[in-house]
2 protein chains.
Amino acid sequence: MELFWLKGYGSTSIADILSRSQVNSGSLYHYFPGKQDLLVAVLESYRDGIGPMLLEPAWAGIDDPIERIFALLAKYRQLIVDTDCSYGCPIGSLALELHEPDPVVRERMVQNFDGWTAAIRDCLEQAKGRLPRALDLQAAAEFVLTVMEGAVMQARTYRDVAFFDRAVAQLRTYFEALTVRETVGA
Amino acid sequence: MELFWLKGYGSTSIADILSRSQVNSGSLYHYFPGKQDLLVAVLESYRDGIGPMLLEPAWAGIDDPIERIFALLAKYRQLIVDTDCSYGCPIGSLALELHEPDPVVRERMVQNFDGWTAAIRDCLEQAKGRLPRALDLQAAAEFVLTVMEGAVMQARTYRDVAFFDRAVAQLRTYFEALTVRETVGA
DNA sequence: GTCTATACCCTGATAGAC
DNA sequence: GTCTATCAGGGTATAGAC
């Protein structure tokens, strides 16, 4: 998991994994028939960790559903800072690194995106009263993922969190504009 | 250029390039000392082609600066459709594939993003009268890139243009909200 | 189930004749 | 400048003793 995140899938060799995990070749291949099976297991682990490893820590002490969305983005900001702006979303990076992924792999990436946007959608459902009735909540949730991924990409390429911050500020403007518009109409 | 786009940098071998280009090893290495030099040349070619290869065709017959932004996004939509939703932005994909890029490579990726956002910024400058005076045009231009990259990533992962379309629709809402807010204030 | 040793292939890069 | 042949190293995966 760590090596695929740090170096990417293609650039991580089995030998890297064996030495990092202090496991021997025979043992690894006993449990995982091939390298791709390891990738699938990693993606499943990310998928199952969205709640306990990502959302719960990010949302501790925060109740407002819209603020939870920005708290999650703040968590990514912290990851960017903690890695000297070389952070890449592990799922997004794999999604772009693997050009013709095996269907099994692509399905696991989809499950990760689905789980992430479902959590955002829940927040939006809870804030429904403050949002335009016509707003497509699913599309808005996907948009948050869109912005996060695009912002992480730029922060990393420029090695500068400010690119992430500016994108999040624009997203904030977007949400404020949505609520303002409703107020105007009322 | 084509192979790096189709397969990624790491998964494209020199042998692939030699057979695709009908060139022999000795000739290639005469002009390009190593594989990375080929990558740098490709990135420079993309950078220099932003105007003639990307913007000019996308903007033919379109004068309104805000519509030019969405015309550019429509061009990406066409690329997604033409590739059966396996399209990846060549720069964005490299930005996430290469985890510790050589400074020379990273600088070329930055130049590509800079050139792209500068063009969007020009559009926004031209539409300045319709936008809130307080709007940070540079940040808004970067936001368009953010959305494009995030939307392309999802369309590809889900193999479904609808994810791209929904993200662009949200961006449209964002721009409309910006102009509406100004109208309200006037 | 775990160990070491290794098969076999493909990689980027080079040598040296022409 | 271009050609063919090849090198040295590292890649995934396997064999077979224990």
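As the structure is a prediction and not an experimental result, all values here were calculated from the model. What's counted below: heavy atoms across the whole structure, side chains too, no hydrogens, waters or symmetry copies. Letters A, B, ... are given to chains in the order of the sequence lines, protein chains preceding strands, and every chain is numbered from 1.
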Spacing between B:Q36 atom CD and C:dA13 atom C1', to the nearest angstrom = 15 Å
Nearest-Å distance, CG (A:L28) to P (C:dT4)?
-> 14 Å
A:S13, nearest nucleotide to its side chain (from C:dA13, D:dG11, D:dC3) | D:dG11
Spell out yes or no: do the side chain of A:S25 and the base of D:dT14 have one donor N/O and one acceptor N/O closer than 3.5 Å?
-> yes
Out of C:dA13, D:dA13, C:dT4, minimum distance to the side chain of B:Y29 belongs to C:dA13
Using heavy atoms to find the nearest nucleotide of DNA chain D for B:Q22 and A:T12 separately, return the residue whose nucleotide is more 5′.
-> B:Q22
What is the distance, rounded to the nearest whole Å, between atom CG of A:N24 and atom P of C:dT4?
-> 5 Å
Answer with yes or no after comparing the ring centroid distance for B:Y174 and B:F143 against a 6.0 Å cut-off, counting only values under it.
-> yes
Closest nucleotide among C:dT11, D:dT12, C:dT2 to the A:K35 side chain = D:dT12
Comparing A:G26 with A:G10, nearest DNA chain D nucleotide closer to 5' gives the residue A:G10
Picking from D:dT2, C:dT2, C:dC3, the nucleotide nearest the side-chain atoms of B:S27 would be D:dT2
Residue B:I14, side-chain heavy atoms: nucleotide from D:dC3, C:dC3, C:dA13 that is nearest = C:dA13
Side-chain heavy atoms of B:E149 within contact of A:E149, under 4.5 Å | no
Check: A:S86/B:E100 side-chain N/O donor and acceptor closer than 3.5 Å | no
Before giving the answer on side chain to side chain contact (heavy atoms under 4.5 Å, CB included), spell out for B:W116 and B:C89 the whole-Å C-alpha distance, their side-chain angles and the decisive distance to 0.1 Å.
-> CA-CA 12 Å; B:W116 204 96; B:C89 163; over 6 Å; no
For B:D16 and C:dC9, what is the distance between atoms CG and P respectively, to the nearest whole Å?
-> 18 Å
Rounded distance (Å) that lies between atom C1' of D:dA13 and atom CG of A:L18 = 11 Å
Would you call the rings of A:Y87 and A:W5 parallel, tilted or perpendicular, where under 30° means parallel and over 60° means perpendicular?
-> tilted
For the pair made of OH in B:Y31 and P in C:dA13, what is the distance, rounded to whole Å?
-> 19 Å
For atom CZ of B:F32 and atom P of D:dT2, their distance in whole Å | 12 Å
Consider the side chain of B:H30, meaning its heavy atoms from C-beta on, and name the nucleotide among D:dT4, C:dT2, D:dG1 that approaches it most closely.
-> D:dG1
